[in-house]
Amino acid sequence: MNSNVLQTPIDYLKGVGPNRADLLRQELGIHTYQDFINLFPNRYIDKTRYFKINELQRNSSEVQVIGKIVHLKMVQQKRGKRLVATFTDGTGEMELVWFRGHKWIKESLKLNTPYVIFGKTNWFNGVFSMPHPEMELLKEHEQSLRTAMQPVYPSTEKLTNKGITNRVINKLMQQLFVEVRTQFYETLPPTILDELKLISKSKALFNIHFPKSQELLAKAQYRLKFEELFYIQVQLIIKNLIHKSKIKGFPFDQVGEKFNDFYTNHLPFELTNAQKRVIKEIRNDLGSNAQMNRLLQGDVGSGKTIVALMSMLLAIDNDFQACIMAPTEILAIQHYNGIMELVAPLGLNIKLLTGSTKTKERRVIHEMLQEGSLHILIGTHAILEDKVQFQNLGLAIIDEQHRFGVAQRAKLWRKNTVPPHILVMTATPIPRTLAMSLYGDLDVSVIDELPPGRKAVKTVHRYDSNRLKVFKFLRDEIAKGRQVYVVYPLIQESEQLDYKDLMDGYESIAREFPMPEYQISIVHGKMKPADKDFEMNRFIKGETHIMVATTVIEVGVNVPNASVMIIESAERFGLSQLHQLRGRVGRGAEQSYCILMTSHKLSSDGKTRLETMVQTSDGFEIAEVDLKLRGPGNIMGTQQSGVLNLKIADIVKDNDILKTARYYAQKILKSDSSLALPEHKAVRYTYAQLVKHKNIWNYIS
Ligand code: ADP
Ligand code: MG
């Protein structure tokens with residue numbers, strides 16, 4: 001099939017016309033024949049079975065029956081009338097009922113003529129009835145293209161109200177197949193079709209709309225899901241390739257003085273194997289001629305900072321500047337202090353730039369940056385301001401990348417005439433499944449190993465009724481010199497209520513842990529920043545034993561002496577938040593604990609979340625469960641990508657197909673990056689079509 005035909009506006013399809021075309025455009029985004037063909041059914045009704053009336057069950061769902069109408073009458077009722085037909089198939093009688101459209105139905109119904117009816121049945125006073133059945137003359141039923149598996153298309157209320165019912169869509173789809181003569185251009189290369197035993201595009205499209213059997217439907221679904229995921233991967237990989245060939249980076253070809261000095265003389269600990277591997281991956285990137293664009297994933301506490309630092313040393317060794325940008329001031333300060341301490345012996349010029357940096361200091365920083373005497377700039381969004389100009393920025397690192405938008409990342413790019421190498425780091429584990437689709441165009445490094453000696457945080461779930469025991473446990477821990485967090489949820493809509501919970505909680509804790517023996521900090525969103533910092537610092541310095549807080553402590557705080565994290569109303573937190581909070585403890589040498597407090601009332605999802613937390617501390621595993629519970633729409637970073645616009649594949653359920661698709665896309669592009677080989681003609685053509693018709697999504701970077 002010549003693909004031009006598929007670009008025909010939907011208005012031209014027989015039976016559509018301008019009104020229906022408008023509706024299809026508005027409600028379903030269908031502009032062309034192609035769009036319409038890609039309107040895949042949500043589900044199928046199995047019409048393989050014909051029921052006899054005497055087989056009907058009181059609670060059977062939708063059924064299909066063959067029979068005749070033998071009698072038709074109007075029945076007056078309190079409000080309006082109903083039209084009732086007596087329908088029989090020789091085994092029994094049932095009623096067909098209409099509450100609306102009487103005139104039209106009465107005129108069109110044929111008595112004593114075989115019909116196939118379909119619908120839900122009700123049972124009342126010993127009689128089965130079917131309101132507003134779907135009806136088709138048996139003769140037509142036998143001839144029509146419709147098949148045993150009846151597709152149910154996505155629709156909207158407006159469409160149904162305007163008469164574009166599922167049935168109409170079905171009819172239009174038949175018409176479309178007639179017009180295009182059911183021949184579709186094959187989009188996959190013969191090798192893939194062979195190896196995976198996929199059915200052809202034509203056969204797949206036909207059977208997705210008019211499945212001849214369950215088996216063919218399954219094959220059609222597999223083939224179309226594969227194709228969809230395959231072309232996402234092709235697009236991502238090509239984007240990555242183009243990026244690498246077009247965008248020359250600065251080759252950092254020297255591993256020089258600073259890096260080596262630090263590595264041999266000042267490394268405070270032995271790097272984990274994962275850290276070594278990741279540093280090697282980054283070094284390879286930086287040493288090549290292409291600009292690096294790498295995502296570094298590593299759970300809380302896995303040691304990303306040192307990796308970031310050593311990458312920056314590589315930049316400095318090659319006479320470039322580096323910067324690191326964090327989402328909050330607290331985090332930026334922590335990076336600054338940590339890095340200053342690590343590289344103190346190297347004699348580097350490092351500065352901190354945040355919203356609270358004084359004008360005078362700012363001016364100094366701007367100057368040092370431009371004359372090139374500043375080696376490393378650490379800061380918040382403030383780095384993005386136009387006034388901040390580097391002499392030669394070679395590497396930009398973004399911490400907790402999901403907190404920054406695409407535009408902000410793009411801004412970093414333009415800090416130089418040649419874009420700097422970019423390393424984005426995240427502790428929010430992105431499920432592998434999703435990462436492949438979201439970040440398929442970034443190179444990904446993973447630190448999947450915690451530094452040695454870390455004891456896993458012991459996590460338990462306790463009911464509110466056990467609170468006294470929990471308090472006793474806290475007293476014991478505090479007696480050993482440990483500190484404790486108690487965290488309350490704060491969710492926007494119920495802010496007042498949450499605030500009250502927090503204050504009530506604080507009071508009861510203050511009663512249990514009276515002054516002067518015990519000191520308590522409290523931190524919440526309604527406090528002035530200065531007060532917050534004051535309280536936070538008291539806790540960091542060990543002057544207070546207990547920190548009562550809302551989730552403001554989620555990012556940033558690092559208190560290795562804190563060994564207990566109590567999360568109140570834990571069922572109200574999402575999995576990734578629970579995981580982040582738990583990451584606040586277990587940072588020191590002591591055994592740490594996370595106690596999830598809830599009432600007895602738990603939803604099944606809530607239970608799953610708590611069980612997951614108790615069972616595992618692997619951030620990736622937790623992220624996978626989160627993805628299954630919430631769907632991809634709510635996972636960080638998906639909103640801006642195309643994964644939600646998938647037409648047939650499901651990023652969670654079709655994980656295996658995704659992997660296969662990625663494997664084949666990589667294989668093809670590795671051997672033939674410009675898709676020039678004759679056997680890749682179909683891929684080249686289809687890819688070009690996707691680009692042309694704007695199906696290329698706007699991925700990050
Ligand atoms: P994150 O990945 O969460 O940013 P950090 O880089 O802050 O983690 O590291 C967490 C803690 O672990 C820091 O105190 C750091 O000094 C320490 N650390 C990092 N790598 C190692 C290692 N290989 N051996 C021992 N401690 C390490
Ligand atoms: Mg960090």
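For clarity, every value in this text was computed on a predicted model and none was experimentally measured. Ligands are counted one by one from 1 in listed order, and the atoms in each one are counted from 1 as well. We count residues from 1, following the sequence as given.
Shown here is R283, whose CZ atom has no more than 12 heavy atoms of other residues, nucleotides or ligands within 6.0 Å.
Note that the CD1 atom of I376 and the CD1 atom of I324 stand 8.5 Å from one another [nearest 0.5 Å]. Note that the CD1 atom of I447 and the OG atom of S302 stand 4.5 Å from one another [nearest 0.5 Å].
Evaluated by nearest non-hydrogen atom to atom 23 (N) of ligand 1, the leading choice among E341, Q275, H335 is Q275.
Within the 4.0 Å heavy-atom shell around ligand 1 one finds G301. Ligand 1 lies within reach of D299, whose nearest heavy atom is under 4.0 Å from it.
Closest to atom 2 (O) of ligand 1, if we only count protein heavy atoms, is K304 NZ, 2.8 Å. When only non-hydrogen protein atoms are considered, atom 21 (C) of ligand 1 lies nearest to F269 CE1, 3.3 Å. Nearest protein heavy-atom neighbour of atom 11 (C) of ligand 1: R454 NH2, 3.3 Å.
When only modelled atom types and interatomic distance are considered, S356 and E329 share a side-chain donor-acceptor pair under 3.5 Å. Side-chain N/O atoms of S592 and S563 include no donor and acceptor closer than 3.5 Å. No side-chain donor-acceptor contact under 3.5 Å links N537 and D533.
The pair K276-E270 counts as a salt bridge, with a side-chain nitrogen and a carboxylate oxygen less than 4.0 angstrom apart. A salt bridge links R538 and E535; the closest N-O separation between the charged side-chain nitrogens and carboxylate oxygens is under 4.0 Å.
Protein heavy atoms all stay at least 4.0 Å away from atom 13 (C) of ligand 1.
For T305, a nitrogen or oxygen atom sits less than 3.5 Å from a nitrogen or oxygen atom of ligand 1, counting backbone and side chain alike. Below 3.5 Å of separation, one finds an N or O of G303 facing an N or O of ligand 1.
Those atoms of ligand 1 that come under 4.0 Å of a heavy atom in S302, given as number and element, are 2 (O), 8 (O). Ligand-side atoms of ligand 1 in range of L271: 23 (N), range being under 4.0 angstrom from any heavy atom. Counting atoms of ligand 1 from 1 in the listed order, those under 4.0 Å from a heavy atom of E270 are 22 (C), 23 (N), 24 (N). Distances below 4.0 Å separate heavy atoms of T272 from the following atoms of ligand 1: 23 (N).
The aromatic ring centres of F471 and F513 sit less than 6.0 Å apart.
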